[in-house]
Amino acid sequence: MDCHGLPGVVINIAAHGRLRRGASVIPDMTPIEFAAVTFAISVGAGIFGSVLGLGGGIVVVPALTLLLHIDIRYAIGASIVSVIATSSGAGVAYVKERLTNIRVSMLLETATTTGAVLGALLAGIIAGRWLYLIFGLVLAYAAYEMWRRPHRAADAGAPTDRWGARLRLSGSYHDAALDKEVPYHASRTPWGLALSGVAGIVSGLLGVGGGIIKVPAMNLVMGLPIKVASATSNFMIGVTAAASAGIYFLRGDINPFIAGPVAIGVVVGALIGTHILKHLRRSVLQVAFTAVLVFVAIQMLWKGLL
Amino acid sequence: MNPPESHLDAPSDAACRTRQMESLVRRVLQVGLLASMVLVLVGMLLFGAVHPSSLTSSESLPALVESGAKFPHTLDDVASAASDLSAEGIIAAGLLVLIATPVLRVALSVVGFAFQRDWVYVGLTVLVLLVLLGSFLVGKAG
C-alpha cells in the first residue's frame, strides 16, 4: 500500500524483456554467502532509508531483483519488511532525540492511510501513464524548490497557523551539528494534510514510497526542519507499511530466508543512520534529498513517456 | 516580565506528559524490535545447526529463495512451525512480531493520548487504527 520502494519500475524493466534471461537464474551462491550479501545490502538500505526518511525499499527492491535475481514478489515482501524495520529501528533513536514529532505523525497519518485505501480502490480506474507523468513533474518541482531554497525551513521564525497552534504541532530538537536547540512551528497545516493524502493515494496507486512526498510536504510546505521531516516521515511509513505487510505475509510473499537477513541488516543500518543524521549538516541532507528527488522524478517521467 | 503562574505550570506539565508519551512509544518499539531480532537470529542460527552441510552448498539455495520456496505464511502455520522449533517457523514468527510492532505502537498511542486527556488526538489515532484495520480486512477479502 505504502512505501514499497519502486517495484513498479522494476516490473516495467522486466516486462520489456531486458532482464528476462537472467531473471529466473539466481546467482551461484551458498546460503551463507547469500545471507551475507543480503545483509550487507540491507545495512546500506537501512542507513539510506533512516537518514532520508524514505524507508529502505528504494534500495532493497532493485538490489534483490537486479543483483540477486530474486523473484519480484519476494523482493517487494522483503522491501516492506525493510521499511518497517527502518521505521522501528530509527524510531527508537529519533523519538529519544525528539526529532520525531509524534503529533504531526498522527495527524498526517490519518490522511495517508485514508489516501492509500482510496488509491488502492482507484487503481485500474485511472490511467497509470498520466499518473507517472504528473507524479514525476510534482517531484521535479519539489526538487527545484528544495534546491532553490535550501535553508527555508531552517529559520525558526516561521509563524504557526491556527491549526498548528490548536493541534499543538510546535516543538524543538537539539541539533548536534549546530550544537543548539532548534525550536520550530508548523504552518500551512491544511496543505500539509492535503499533500499527505496525495502521498497516500499515489502510494496506493503506484506502489511508490510515500516518504518521497511526505518529506518535502513537511519541510517545504509546513516549514518543519528537514531533520524533523525525515524522522517523522520515517516514523509514519512503518505504520502504513505494516498494514500492507500483513496482507503480503498471508499471501506468501514474505520469504523468511530473504526477509530475515534483510530485517537484521536494515536494523543495523538504521542504528548507524540515526547517528549520521544527528551530526549531519542540514544543507548536506537537503542536497542528498534533492538528488534522490531528481532521480525518482526522472524514473517516473521515463515511465510516463515510454 | 514574570508570566502568571498558570502559564509556568501548564507548559511544563504538558511537556512532562509528552515525555511520558515518548517513552511509552520508545519502549514499545524497543521491546518489539528486540524480540523480533532475537527470534530471527535464533531461527537463522538454528537453521545452520540443523542443516550444517546445506549452508555451504550452493545447490541448496534455490529451494530456499526461488519462487515456489516452501515456508510458513499463515498464522496457524507459523504457530505450529515455531512450536515445533523449525528454523523457518521461528524466523517467520520474528518477522510477524516486527510487522505487528508499529500497529501495536499506534494502539498504545491511543492510551498515551488518553492519559494526556488529549481527546482530539485520541480521536485521530483511533481513526488511523480503524483505517488500518479496514485496509487489512479489505486486502484479506480481495
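Everything numeric in this text was worked out from a predicted model, so none of it was measured. Letters A, B, ... mirror the listed sequences (proteins, then strands); counts begin at 1.
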Student: Please state whether the side chain, the backbone, both or neither of B:L98 comes within less than 4.5 Å of a heavy atom of chain A.
Tutor: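 Both backbone and side chain.
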Student: Sort A:L68 into side chain, backbone, both or neither according to what part of it lies under 4.5 angstrom from a heavy atom of chain B.
Tutor: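 For A:L68, there is no contact with chain B at all, as no heavy atom is under 4.5 Å.
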Student: Measure A:P27 against the heavy atoms of chain B and call it side chain, backbone, both or neither at under 4.5 Å.
Tutor: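 Contact with chain B: backbone only.
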Student: What pair of heavy atoms forms the shortest contact from A:S88 to B:L29, and how long is it?
Tutor: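 Heavy-atom minimum between the residues: OG-CD2, 3.8 Å.
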Student: If you count the non-hydrogen atoms of other residues, nucleotides and ligands that lie under 6.0 Å from CZ in A:R166, is the total more than 12?
Tutor: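 Incorrect, the count does not exceed 12.
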Student: Do the side chains of B:E22 and A:K96 get close enough for a salt bridge, i.e. N-O under 4.0 angstrom?
Tutor: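 So B:E22 does not pair with A:K96 through a salt bridge.
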Student: Among residues 30-41 of chain B, which residues come closer than 4.5 Å to chain A, judged by heavy atom distances?
Tutor: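 Those residues of residues 30-41 of chain B which have a heavy atom under 4.5 Å from chain A are B:Q30, B:L33, B:M37, B:V40, B:L41.
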Student: Of all of B:V65, B:L95, B:L124, which one pairs up most often with chain A through heavy atoms under 4.5 Å apart?
Tutor: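 Option with the top pair count is B:V65.
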Student: Which one of B:L129, B:V78, B:V128, B:I91 has the most heavy-atom pairs closer than 4.5 Å to chain A?
Tutor: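 Of the candidates given, the most pairs with chain A belong to B:V128.
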Student: For B:F113, what residues pass the ring-ring contact (aromatic ring centres under 6.0 Å, His included) criterion, not counting sequence neighbours?
Tutor: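 Partners of B:F113 by the ring-ring contact (aromatic ring centres under 6.0 Å, His included) criterion, ordered by chain and then number, come out as B:Y121.
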Student: What part of B:R27 is in contact with chain A, defined as an atom under 4.5 angstrom from a non-hydrogen atom: side chain, backbone, both or neither?
Tutor: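 Contact with chain A: none, neither part.
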Student: Of the listed residues (B:L96, B:V28, B:I90), which shares the most heavy-atom pairs with chain A below a 4.5 Å separation?
Tutor: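 When all of B:L96, B:V28, B:I90 are compared, B:L96 has the most.
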Student: What part of A:F249 gets within 4.5 angstrom of chain B, counting heavy atoms only: side chain, backbone, both, or neither?
Tutor: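 The answer is both parts of A:F249.
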Student: Pick one of side chain, backbone, both or neither for A:F235, based on which atoms fall under 4.5 Å of a heavy atom in chain B.
Tutor: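 When you check distances to chain B, atoms from both the backbone and side chain of A:F235 fall under 4.5 Å.
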Student: By the definition side-chain contact (heavy atoms from CB on, under 4.5 Å), identify the one residue from A:T114, A:L108, A:V104 that meets it with A:S196.
Tutor: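 That would be A:L108; it is the only one of A:T114, A:L108, A:V104 passing the side-chain contact (heavy atoms from CB on, under 4.5 Å) with A:S196.
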Student: Scan the side chains in residues 43-57 of chain B for donor-acceptor partners under 3.5 Å anywhere in the protein, sequence neighbours excluded, and list what turns up.
Tutor:
| from | atom 1 | to | atom 2 | distance (Å) |
| --- | --- | --- | --- | --- |
| B:S54 | OG | B:H51 | O | 3.1 |
| B:T56 | OG1 | B:S53 | O | 3.4 |
| B:S57 | OG | B:E59 | N | 3.2 |

Student: Under a 4.5 Å heavy-atom cutoff, which of B:D118, B:L130, B:T101, B:L75 has the most pairs with chain A?
Tutor: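 With the most close heavy-atom pairs to chain A, the winner is B:D118.
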Student: To the nearest 0.5 Å, tell me how far A:M29 CE sits from B:S60 OG.
Tutor: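 The distance works out to 13.0 Å.
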Student: Mind checking side-chain hydrogen bond (donor to acceptor under 3.5 Å, both in side chains) for B:T74 and listing every partner two or more places apart, or none if nothing turns up?
Tutor: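 Partners of B:T74 by the side-chain hydrogen bond (donor to acceptor under 3.5 Å, both in side chains) criterion, ordered by chain and then number, come out as B:D77.
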Student: What distance separates A:L54 CG from A:I237 CD1, expressed to the nearest 0.5 Å?
Tutor: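 So the CG of A:L54 and the CD1 of A:I237 are separated by 7.0 Å.
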Student: Side chains of A:D161 and A:T189: do they bring a donor and an acceptor to under 3.5 Å?
Tutor: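 Judged by distance alone, the side chains do pair up.
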Student: Quick check on A:V267 against chain B: is it the side chain, the backbone, both or neither that has a heavy atom closer than 4.5 Å?
Tutor: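 Side chain of A:V267 only, per the 4.5 Å heavy-atom cut-off to chain B.
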Student: Using every non-hydrogen atom in the two residues, find where B:L108 and B:L24 come nearest and quote the distance to one decimal.
Tutor: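 Heavy atoms of B:L108 and B:L24 come nearest at O-CD2, 3.6 Å.
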